Amino acid sequence: MVSSIIDTDVAIFGAGPAGACAALSLLNHTNLDITLIEQSDLNRERIGEHVTECIFDFIDYLKIKPENFGPDCFIPTFDSTSYWGSDLPGMRNSVFTAQQSTFQLNREQFDLQLLENIAERGGRVMPRTHCQQINQWEDGRWQLKLSHPVHGAFILRARFIVDASGRNANISRQLGLTGKKVDDLMAVGRFFECTSDEQKKQEYLIESTEHGWWYGALLPNNQYSICFFSDADIVSNLRLNQQSHFNALLAQTKHIKKLVKETKVTTPHPWVRQAYSQSNAFESLPNFLAIGDAACAFDPISSMGIGFALSSGCHAANLIAANLTDTDSNQEQLINQFQMDLNNQFDHYLTLRQQFYQQEGRWQQAPFWQRRHAKITTLQSEGVSA
Ligand SMILES: Cc1cc2nc3c(=O)[nH]c(=O)nc-3n(C[C@H](O)[C@H](O)[C@H](O)COP(=O)(O)OP(=O)(O)OC[C@H]3O[C@@H](n4cnc5c(N)ncnc54)[C@H](O)[C@@H]3O)c2cc1C
């Protein structure tokens with residue numbers, strides 16, 4: 001039985017960096033009532049931590065001081081090396097980002113500090129809340145049927161909703177919107193804790209191999225994040241979700257395996273995450289926007305995800321504020337322009353992604369590399385527009 005009704009101006013689904021950033025921007029610059037709905041209990045392991053120094057511009061824009069995130073939230077990456085295209089070490093300044101300082105982020109601290117600020121600034125944060133049903137009325141407003149394990153079912157009425165639910169874009173899917181998925185990349189990883197007292201170097205390593213590529217980095221919490229990226233069918237054939245198979249493949253690397261020499265594994269089984277590239281930004285509904293991975297999801301080789309999550313969150317907040325407070329401006333046109341910009345950004349990314357993968361010319365017969373060297377179709381070449 002539905003027990004209560006709550007009215008809000010903006011309901012944001014997903015408390016990752018994109019949703020949190022949109023919520024904070026709206027709270028900072030408007031008097032709108034903001035509700036952030038998160039389906040998890042916020043305790044899940046957060047993956048993805050390599051960012052450029054632009055992160056500090058965003059947190060400044062969000063009016064949070066870097067020191068509020070705690071002492072070790074941003075650790076400069078001093079040594080960034082890639083073994084890509086040959087066995088010789090190269091600087092891993094990817095083609096995706098201009099030469100900039102990079103940092104390893106403590107994702108737990110980072111994401112939770114954003115949420116604390118939302119609560120402090122008057123936002124409503126609802127963890128462990130599932131969306132059972134979404135309806136849009138003719139006047140464009142939304143009625144959401146939500147449920148919480150303790151508080152039960154309730155109705156949230158919103159003037160605008162935002163999908164910031166991550167790569168699966170759950171809310172867009174629920175609304176019948178489909179995206180363009182470019183590949184089937186998956187990530188399988190484990191965390192390794194340093195056992196020696198020796199101060200380890202803050203390094204970031206990439207190594208390409210026949211079946212995909214490895215990534216290893218020392219995180220601010222003194223653990224190594226070791227992760228292998230390949231296509232879903234290859235991950236499944238190699239049975240990499242089983243620790244013995246994962247460890248055996250790790251032992252075949254030349255460089256990444258050295259990182260975990262004096263460590264003990266902290267995760268009993270390898271974790272598995274989707275890491276495919278996808279754009280969802282070409283279908284639209286009134287009073288609705290998708291941001292972050294839910295709008296455009298990038299290959300983690302690009303380290304673009306967190307930066308894009310924050311920038312699209314800030315940008316969407318401006319559009320929503322204008323939409324709900326300025327009835328004169330042509331909102332539909334502005335939202336179309338926003339989506340067109342995302343499409344162009346995604347097309348540009350696809351070109352860079354292909355250039356990057358083409359730098360690896362070994363293993364020409366291996367399916368992983370063949371798929372990455374095949375000709376790409378951009379959204380523009382398919383005639384996709386917002
Ligand atoms: C293995 C891996 C490594 C990566 N490495 C990097 C890196 O080094 N640098 C980088 O910049 N990026 C990296 N990324 C990408 C980065 O993690 C993402 O781009 C970033 O987290 C996107 O933020 P987001 O807020 O859009 O989505 P997310 O961080 O995925 O947050 C989405 C939130 O929505 C919640 N949710 C889902 N469905 C619902 C629903 N129906 N209702 C309510 N809540 C819902 C989820 O529980 C989650 O909390 C990596 C990704 C992977 C998989």
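A quick note: this is a predicted structure, and the numbers were derived from the prediction, not measured. We count ligands from 1, going down the list as the structure has it; atoms in each ligand are counted the same way.
Residue, atom and distance of the protein heavy atom nearest to atom 8 (O) of ligand 1 are H50 N, 3.0 Å. At the shortest separation from atom 16 (C) of ligand 1 among protein heavy atoms lies I306 CG1, 4.1 Å. Given atom 37 (C) of ligand 1, the protein heavy atom at minimum distance is S165 O, 3.2 Å. In this structure, atom 34 (O) of ligand 1 lies nearest to the protein heavy atom G14 CA, 3.2 Å. The protein non-hydrogen atom at the shortest distance from atom 42 (N) of ligand 1 is F13 CD2, 3.8 Å. Looking from atom 45 (C) of ligand 1 to the surrounding protein, the closest heavy atom is Q39 CG, 3.7 Å. In this structure, atom 27 (O) of ligand 1 lies nearest to the protein heavy atom G166 CA, 3.6 Å. Nearest non-hydrogen protein atom to atom 2 (C) of ligand 1 is I47 CG2, 3.6 Å.
Think of F191 as one node in a network of Ile, Leu, Val, Met, Phe, Trp and Tyr side chains linked at under 4.5 Å; its network also takes in I47, L219, W271.
Under the 6.0 Å cut-off for aromatic ring centres, F154 and H148 do not qualify, their centroids lying 6.0 Å or more apart. The distance between the ring centers of Y61 and H29 falls below 6.0 angstrom.
Contacts between A297 and ligand 1 below 4.0 angstrom, taking non-hydrogen atoms only, are absent altogether. At a heavy-atom cutoff of 4.0 Å, ligand 1 is contacted by the side chain of A187 but not by its backbone. Under 4.0 angstrom from ligand 1, the non-hydrogen atoms of I171 all belong to its side chain. No part of F308 comes within 4.0 Å of ligand 1, judged by heavy-atom distances.
Stacking of R371 on the aromatic ring of F368 is not recorded, the 6.0 Å distance cut-off and the 45° axial limit not both being met.
Under a 4.0 angstrom heavy-atom cut-off, C131 registers as lying outside contact with ligand 1. The closest approach between any non-hydrogen atom of R107 and ligand 1 is below 4.0 Å. Put simply, part of R44 is less than 4.0 Å from ligand 1, judged by heavy atoms.
Electrostatic pairing of R44 and D41 does not count as a salt bridge here, judged by no charged N lying under 4.0 Å from a carboxylate O. Between D33 and R159 there is no salt bridge, since none of the side-chain N atoms of the basic residue sits less than 4.0 Å from a carboxylate O of the acidic one.
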Checklist entry - N280 and R167: side-chain hydrogen bond (donor to acceptor under 3.5 Å, both in side chains), yes or no, with the steps? => result CA-CA 10 Å; N280 284 310; R167 205 171 291 255; over 6 Å; no

Item to check | Derivation and outcome, side-chain hydrogen bond (donor to acceptor under 3.5 Å, both in side chains), residues S244 and Q242 | outcome: CA-CA 6 Å; S244 57; Q242 295 176 22; 4.6 Å; no

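Close N/O approach between G307 and ligand 1 is not found [any backbone or side-chain N/O within under 3.5 Å]. An N or O contact shorter than 3.5 Å is missing between Y204 and ligand 1 by distance. Remark: ligand 1 and E38 share an N or O pair separated by less than 3.5 Å (distance only, no angle test). Remark: ligand 1 and P17 share an N or O pair separated by less than 3.5 Å (distance only, no angle test). Taking only nitrogen or oxygen atoms, main chain and side chain alike, Q274 does not reach within less than 3.5 Å of ligand 1. For a threshold of 3.5 Å applied to N or O pairs, the pair formed by R273 and ligand 1 contains no separation below that value. Polar contact with ligand 1: absent for R167 (N/O pair, distance under 3.5 Å). Residue contacts with ligand 1: D293 is placed with a nitrogen or oxygen under 3.5 Å of a nitrogen or oxygen of the ligand (distance criterion only).
For the side-chain hydrogen bond (donor to acceptor under 3.5 Å, both in side chains) test, residues two or more places apart in sequence or in another chain that qualify with S165 are D163.
For atom 51 (C) of ligand 1, the nearest non-hydrogen atom from the set A20, S302, P300 comes from P300. In the candidate list G48, G16, G305, A275, G16 is nearest to atom 31 (O) of ligand 1, counting heavy atoms.
R121 and N28 share a side-chain donor-acceptor pair at under 3.5 Å. Side chains of Q345 and D341: no donor on one and acceptor on the other come within 3.5 Å.
The ring pair (Phe, Tyr, Trp, His ring centres under 6.0 Å) test with F308 singles out one residue from F298, F346, Y349, and that residue is F298.
Using cut-offs of 30° and 60° on the angle between ring planes, the pair Y357 and W84 is tilted. In this structure, F228 and W214 have tilted ring planes: the angle between them lies in the 30° to 60° band.
Near A309, the atoms of ligand 1 lying under 4.0 angstrom from a non-hydrogen atom of the residue are 23 (O). Taking a cut-off of under 4.0 Å to the non-hydrogen atoms of F229, the atoms of ligand 1 that pass are 1 (C). Heavy-atom contacts of G292 reach the following atoms of ligand 1: 26 (O) (cutoff under 4.0 Å). Counting atoms of ligand 1 from 1 in the listed order, those under 4.0 Å from a heavy atom of A164 are 32 (C), 33 (C), 34 (O).
The two residues I301 and I206 have their closest heavy-atom pair at CD1-CD1, 3.8 Å. Between R124 and T35, the shortest heavy-atom distance links the atoms NH1-OG1, 2.6 Å.
Proximity of L32 to T8: side-chain heavy atoms (C-beta onward) are nowhere separated by under 4.5 Å.
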